[in-house]
Asks: 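Mind having a look at this structure? Questions to follow.
Quantities reported herein were computed from a predicted structural model and do not represent experimental measurements. Below, each value reflects all heavy atoms present in this structure, side chains not excepted, and no hydrogens, waters or symmetry copies. For the single chain, residues carry numbers from 1 onward in sequence order.
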Amino acid sequence: MDLKILSLATDKTTDKLQEFLQTLKADDLASLLESQAVKGRAVGTFLRAILKGSPCSEEDGALRRYKIYSCCIQLVESGDLQQDVASEIIGLLMLEVHHFPGPLLVDLANDFVGAVREDRLVNGKSLELLPIILTALATKKEGLTCGKGDLNGEECKRQLIDTLCSVRWAQRYVIQLTSVFKDVRLTPEEMKLVVAKVLTMFSRLNLQEIPPLVYQLLVLSSKGSRRSVLDGIIAFFRELDKQHSAEQSSDELSELVTAPADELHHVEGTIILHIVFAIKLDCELGRELLKHLKAGQQGDPSKCLCPFSIALLLSLTRIQRFEEQVFDFLKTSVVKSFKDLQLLQGSKFLQTLVPQRTCVSTMILEVVKNSVHSWDHVTQGLIEFGFILMDSYGPKKILDGKAVEIGSSLSKMTNQHACKLGADILLETFKIHEMIRQEILEQVLNRVVTRTSSPISHFLDLFSDIIMYAPLILQSCSKVTETFDYLSFLPLQTVQGLLKAVQPLLKISMSMRDSLILVLRKALFASQLDARKSAVAGFLLLLKNFKVLGSLPSSQCTQSIGVTQVHVDVHSRYSAVANETFCLEIIDSLKRCLGQQADVRLMLYEGFYDVLRRNSQLASSIMQTLFSQLKQFYEPEPDLLPPLKLGACVLTQGSQTFLQEPLGHLLSCIQHCLAWYKSRVVPLQQGDEGEEEQEEEELYHELDDMLESITIRMIKSELEDFELDKSADFSQNNNVGIKNNICASLVMGVCEVLMEYNFSISNFSKSKSEEILSLFMCYKKFSDILSEKAGKGKAKMASKASDSLLSMKFVSDLLTALFRDSIQSHEESLSVLRSSSEFMHYALNVALQKVQQLTRTGCVSGPDGQNPDRIFQHLCDITRVLFWRYTSIPTSVEESAKKEKGKSISLLCLEALQKTFSAVLQFYQPKVQQFLQALDVMSTEEEEAGVTVTQRASFQIRQFQRSLLNLLSSQEEDFNSKEALLLVTVLSTLSKLLEPTSPQFVQMLSWTSKICKEHSQEDASFCKSLMSLFFSLHVLYKSPVTLLRDLSQDIHGQLGDIDQDVEIEKTDHFAIVNLRTAAPTVCLLVLSQAEKVLEEVDWLITKIKGSVNQETLSDEMTPEDASSQAVPPTVHIEKAITMQLGTLVTFFHELVQTALPSGSCVDTLLKDLSKIYSTLTAFVKYYLQVCQSSRRIPNTVEKLVKLSGSHLTPVCYSFISYVQNKSSNNPKCPEKEKAAVSKSMAKVLRETKPIPNLVFAIEQYEKFLIQLSKKSKVNLMQHMKLSTSRDFKIKGNVLDMVLREEGEDENEEGTASAHTQQDREPAKKRRKKCLS
């Protein structure tokens, strides 16, 4: 039978074949076809023959063809056929589909839909036919019965696609069904349906099935709906990542059985590759991705930015045309995220309205962590982005060797966070990916070497962290060794940072150490001073960190570069003997530096003590070196005065005179080394002393004798002995004067060192105390002369020379002895020192200077000055003593006892306290608990446990509150404004330690409020400081708008109204607001606070605008959900904004009617009025947007508009007239008329410049109100009065003058009547105009 069909098919005509096929039953034909297909014998030829004999032009043929198609589809789906046979059958069927009549095409398509619905497909191979059927159907123009009515082909196709998308798809055919639509021409509506259906299937598939489905979806997206596709993919993985992180954070097993994290991240990596590949082929897809993410940034960024989307963006940077756009977008997102976070943290009002979202920085670090799962396409983008952040937001300027941030405090903090994020990205990437370590290291070192003019401390910190993580990996890194070659050309600060960072490598790599020493030896004799200083710094660091066998363990060795950083035994590679030889060689090299400039010597003297403390075996060499140096300047004759050759310390070359030997620093170094030797070495050497020890002992005794001799002779020396009496020349214009200044400073330094030396050996003997006091008097003589002789308006000395040589430890011990030591045996000795108030003042001034130096540079001069832990300990000791002294003896008691020039001791204590609290918060934030604990000397260890920082800070605050209350309660003439100002500053600093949710914080706020309400002080600076504290506390508790309104009423009451005929009823909400403080002090403060509130409101409006945009987009994708949302999520924010703006309108209503003095108050008020109108305009624009989604305007907003129209706009115009009249009536000085005119004009110009801006802002507000009225069908303009025409102004006085001149020629009666008529007529016109 099959052979007959094949033979008939070879005929030219098909008549016989058709007749024969009609004789066969459909089932027989199907069986025959099935047997042929299963055997695989020439099934293609057989099928062609049947199709040839079944033409679609005849009804029977068309039906037979339809049945053959159905049979073939079943055969293909059965899985009994070989792959090539099935493909051949499907290929043939595809070619013949377009011959089918429309109704049969509909039936065929419905068969497919039914098969999908009933899950009858076995392998889905036949689905390849469906796009051809749908395409053919779309070309049919005739009416077809499809579903409920007659439709044309295109409509039938739409209905079939709708039906197909509404039925349930089996999991195993999702990819094939998606593939079907890529070959069908789809309308935008059909495209949306298909994309929405495919996206809903994501959650039902296994993870491994998602990448091929995404690939098919991306191919499909070339037809349209690109944004929906990308949004759906990103949203799916965002939720999946959230589920995983929630599972990891919770201990219990999640109900959802999700895939392991590594599998998820591998799948994400594959999908990112698919998307990037698709974007390379279709740039429009990339543009849509960026548009989608930028649009989402305005509302809630966490809805569009997530670890997956960030990783996708970073991969996108590999495409050149998107690289710059992506990095700009990510930079903006990071900065915006940090700014939003800071704005939220600084305002309780915002915290209650906006929940805190995940920061973008956390997401980026999550991407770094996930990139370990073969995300090679992401890592390059991560590295580039890390460096972009560090380059863009690192410190920008160097001032006095220290990096300085420029800009407001908010932008400073944001920049610091962004820079830190960049460093974290690079460090974490370095840890995870071995392949790119070399690249990161090279880029960091390139920046260290090439950026000599800009600060690079952030890169040095990163470099140090990298070395700390992997010292053994980097020990053979050639790039580090190459960097050493540039040391001579780098700034000293950079060299010190770089060498500190590489210390761990030098301990384990001999070749690296040798390379460094070669470079340093060359630099030691370079022509540039900075290169020599760098060499000394490098050698000192080496000496500190290479232990010699037998050296004492240093309990103080707590600097950031210690042996403990490298987890290897240093002595396993290098013997201690080799270390000793190496160190002695370095000391020999350094001895040559003692003949170089003073700056180089200074570095040596400051570094030798640290070396000695860490490497005690080098003591002999170092002390011998110092002893030899001192002998050059020491007068050995016991009766010779003065005991030191000061002339040899100063060098004059030509017309220049400069310091050659910093003698004070040399003596200070010797004194500290001696003290260390006595306290650490001598106790261990008792009993068994060898020859070497005896030689050392003799050296130390000789040094002691020299210092003792210098002390005695310095006390005996008079000013004339130094040739520095009052008649000497101290001017800075000639060599003699400069030399005398230098010598006087040297003597003062020597006196300070000797005071410290004698105190350390005194053991509280009375004679030593008398010597210390005598040395101080010597110091004071020179200090007084320098102060007296210093020219007015000129700097006395360089800051380095004026820094005290006393060590911070000595200052701490001295203050403790002077103020807290009550031991009976010490009484006689200390009473000598206590008897001199000048000495007490001096001790406190030095303490203050040390703390200021710490705040300025981050370290202090003298031993342990670079050791943060030791500095912190001294700070605690000093603060404890100062705190006790200030709270025990109030200033009022002290001042009534004795009136002295200058500040009292208590006031100095308070000033130093204020500086120490600020320094601790700036540099030791993590140690605040320890610091406050050290201040509380009365508590026991049992009481310490469980006491929070807030509780400790609150205790200290109460002490200062008591002091301030006592001060405010005193008589007006006894009020010390300096002390009050310092107390408020201390309270402000301590209040930052209080938790805003704690009862202690509320207590602090209510206390500050009470002070402001009850105490009236006319001191402007105190008022400003107190009100600033009040506002800073209030914003962390609730919004300050009601407070601003009350203060504005007080200001209005105090200063009076702009209309002098109006009497204002004075309010007394806050007594601190009085005639002296109301303007400009309080006025500028409240305006500044109002600006911040407006900034917050603007931020909220931008936020809800973005949310509305996101809702609009999601409604477009899912229109059926739009009507179901009864209450929009932004309603509570809208209400809060309305309340804020309403209260601010009343606040400005008061201030605008206040007779403010010309100047800053008027300028600021005009600018802020423009701002509130701009904010009101933004709010109106938001409602214009909202009206599109068929929402009506709330009543509260109508009331706000009414309030602005009745209470603000009219008085604004009155205020403008008041300002202009005040400017024009400004009197001028007759004798300096020209100067006065120009000055007055400049002033008028400055004052009236903001006026056009304000008028424009009002008119813009009214313009958008008109638009909103039309859109919302609510007449919002009924409350707005017509604006004053500002195009021209009739000046009455000028008009009168012109009229008088004209009337002189006429008779008196005529003149009078004409004048009256002319005078009245314009008034009538103007009135009519206003009414109209």
Asks: Would Asn446 and Lys479 count as a side chain to side chain donor-acceptor pair (under 3.5 Å) here? Give the steps.
Replies: CA-CA 9 Å; Asn446 285 345; Lys479 186 69 186 172; 3.1 Å; yes
Asks: For Leu590 and Leu540: C-alpha separation, side-chain torsions, deciding distance, then whether side chain to side chain contact (heavy atoms under 4.5 Å, CB included) applies.
Replies: CA-CA 9 Å; Leu590 290 176; Leu540 286 170; 4.3 Å; yes
Asks: Would you give the length of the straight line joining atom CG of Leu445 to atom CD of Gln443, rounded to the nearest 0.5 angstrom?
Replies: 10.5 Å
Asks: Of all heavy-atom pairs between Leu618 and Cys583, which one has the smallest distance, and what is that distance?
Replies: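 Looks like CD2-CB, 3.7 Å.
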Asks: Return the CD1 to NE2 distance between Ile432 and His373, rounded to the nearest 0.5 Å.
Replies: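 Between Ile432 CD1 and His373 NE2, I get 9.0 Å after rounding to 0.5 Å.
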Asks: Check step by step if side chain to side chain donor-acceptor pair (under 3.5 Å) holds for Thr414 and Gln342.
Replies: CA-CA 8 Å; Thr414 304; Gln342 278 188 275; 2.9 Å; yes
Asks: First locate atom CD1 of Ile436, then atom CD of Glu442, and finally report the distance between them rounded to the nearest 0.5 Å.
Replies: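 Atom-to-atom, Ile436:CD1 and Glu442:CD are 12.0 Å apart.
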Asks: List in chain and number order the residues that pass salt bridge (charged side-chain N to carboxylate O under 4.0 Å, His left out) with Arg447, two or more places apart in sequence or in another chain; answer none if no residue qualifies.
Replies: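 Only Asp391 meet the salt bridge (charged side-chain N to carboxylate O under 4.0 Å, His left out) criterion with Arg447.
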Asks: Near Phe627 CZ, under 6.0 Å, is it more than 12 heavy atoms from other residues, nucleotides or ligands?
Replies: yes
Asks: Working note: Tyr469 + Glu428, criterion side chain to side chain donor-acceptor pair (under 3.5 Å); need CA distance, chi angles, decisive distance, verdict.
Replies: CA-CA 10 Å; Tyr469 173 73; Glu428 293 305 312; over 6 Å; no
Asks: Between Gln853 and Ser861, which heavy-atom pair has the shortest distance, and what is it?
Replies: OE1-N, 3.2 Å
Asks: Applying side chain to side chain contact (heavy atoms under 4.5 Å, CB included), run through Val276 and Arg318 and close with a yes or a no.
Replies: CA-CA 9 Å; Val276 172; Arg318 298 171 80 188; 5.7 Å; no
Asks: Can you tell me if Ser309 uses its side chain to pair, donor with acceptor, with the backbone of Cys306 under 3.5 Å?
Replies: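 Yes; judged by distance alone, with no hydrogens or angles, the pair exists.
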Asks: Considering non-hydrogen atoms only, spot the tightest contact between Leu626 and Cys669 and give its length.
Replies: CD1-SG, 3.6 Å
Asks: Any heavy-atom pair between the side chains of Pro395 and Ser457 that's under 4.5 Å?
Replies: yes
Asks: Is there a side chain to side chain contact (heavy atoms under 4.5 Å, CB included) between Arg613 and Tyr609? Walk through the geometry before answering.
Replies: CA-CA 6 Å; Arg613 196 166 47 79; Tyr609 173 73; 3.8 Å; yes
Asks: Would you indicate whether the side-chain heavy atoms of Phe338 and Tyr393 approach each other to under 4.5 Å?
Replies: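 Tyr393 vs Phe338: side chains apart.
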Asks: Please check: side-chain N/O of Thr317 versus main-chain N/O of Leu314, any donor-acceptor pairing under 3.5 Å?
Replies: yes
Asks: Flag the pair Tyr486 / Val519 as yes when at least one side-chain heavy-atom distance between them is below 4.5 Å, and no otherwise.
Replies: no
Asks: Would a distance-only check, ignoring hydrogens and angles, find a side-chain to backbone donor-acceptor pair under 3.5 Å from Ser509 to Leu505?
Replies: no
Asks: Nearest 0.5 Å, please: how far is CG in Leu441 from CG in Leu462?
Replies: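 Reported to 0.5 Å precision, the distance equals 9.0 Å.
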Asks: Any side-chain heavy atom of Leu875 sitting closer than 4.5 Å to one from Tyr924?
Replies: yes
Asks: If I compare all heavy atoms of Pro307 with all of Val367, which pair ends up nearest, and what's the gap?
Replies: O-CG2, 3.2 Å
Asks: If you measure from the Lys or Arg side-chain nitrogens to the Asp or Glu carboxylate oxygens, is any gap between Lys927 and Asp869 under 4.0 Å?
Replies: yes
Asks: Quick one: CG on Leu506 to CZ on Arg513, what's the gap to the nearest 0.5 Å?
Replies: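 Interatomic distance, Leu506 CG to Arg513 CZ, rounded to 0.5 Å: 8.5 Å.
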Asks: Measure from the side-chain N and O atoms of Ser392 to the backbone N and O of Ile388, and report whether any donor-acceptor pair falls under 3.5 Å.
Replies: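 Judged by distance alone, yes, a pair lies under 3.5 Å.
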Asks: Ignoring hydrogens and angles, tell me if any N or O in the side chain of Gln596 forms a donor-acceptor pair with the backbone of Arg592 under 3.5 Å.
Replies: no
Asks: Going through the distances and angles, do His433 and Ser371 end up as a side chain to side chain donor-acceptor pair (under 3.5 Å)?
Replies: CA-CA 9 Å; His433 300 282; Ser371 68; 2.8 Å; yes
Asks: Can you see which heavy atom on Gln503 is nearest to which on Leu542, and at what distance?
Replies: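 So the minimum-distance heavy-atom pair works out to NE2-N, 4.2 Å.
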Asks: Does the side chain of Trp375 reach to within under 4.5 Å of the side chain of His266, using non-hydrogen atoms?
Replies: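 Not touching, per the 4.5 Å side-chain cut-off.
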Asks: Ignoring hydrogens and angles, tell me if any N or O in the side chain of Ser464 forms a donor-acceptor pair with the backbone of Leu460 under 3.5 Å.
Replies: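 It does not hold such a pair.
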Asks: Are Lys420 and Asp424 close enough for a salt bridge, meaning some N to O gap below 4.0 Å?
Replies: yes
Asks: Are Asp599 and Arg532 close enough, and set up right, to give a salt bridge (charged side-chain N to carboxylate O under 4.0 Å, His left out), and what steps lead you there?
Replies: CA-CA 10 Å; Asp599 282 354; Arg532 297 201 294 278; over 6 Å; no
Asks: Measuring from Leu312:CG to Ile271:CD1, what's the distance to the nearest 0.5 Å?
Replies: 10.5 Å
Asks: Can you give me the closest heavy-atom contact between Gly595 and Gln660, atom names plus distance?
Replies: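 Of all heavy-atom pairs spanning Gly595 and Gln660, the closest is O-NE2, 4.3 Å.
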Asks: Where the side chain of Thr379 meets the backbone of Asp376, is there a donor-acceptor pair that is under 3.5 Å apart?
Replies: yes
Asks: Less than 4.5 Å apart, any side-chain heavy atom of Leu365 and any of Leu421?
Replies: yes
Asks: Give a yes or no on whether the backbone of Asp864 and the side-chain of Arg870 come within a donor-acceptor separation of less than 3.5 Å.
Replies: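 A pair under 3.5 Å: no.
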Asks: Using modelled atom types and a 3.5 Å cut-off, is there a donor and acceptor pairing between side-chain atoms of Arg437 and backbone atoms of Lys431?
Replies: yes
Asks: Going by salt bridge (charged side-chain N to carboxylate O under 4.0 Å, His left out), name the residues that satisfy it together with Asp241, two or more places apart in sequence or in a different chain.
Replies: none
Asks: Got a donor-acceptor contact below 3.5 angstrom from the Asn615 side chain to the Leu543 backbone?
Replies: yes
Asks: Could you go through Gln597 and Phe658, starting from their C-alpha distance and side-chain angles, then the distance that decides it, and tell me whether this counts as side chain to side chain contact (heavy atoms under 4.5 Å, CB included)?
Replies: CA-CA 10 Å; Gln597 284 94 333; Phe658 45 83; 5.9 Å; no
Asks: Show every salt bridge (charged side-chain N to carboxylate O under 4.0 Å, His left out) that has at least one partner inside residues 516-528, sequence neighbours left out.
Replies: Arg521-Glu585
Asks: With the side chain counted from C-beta on, respond yes when Glu439 and Gln380 share a heavy-atom pair under 4.5 Å apart, and no when they do not.
Replies: yes
Asks: Flag the pair Tyr605 / Pro662 as yes when at least one side-chain heavy-atom distance between them is below 4.5 Å, and no otherwise.
Replies: yes
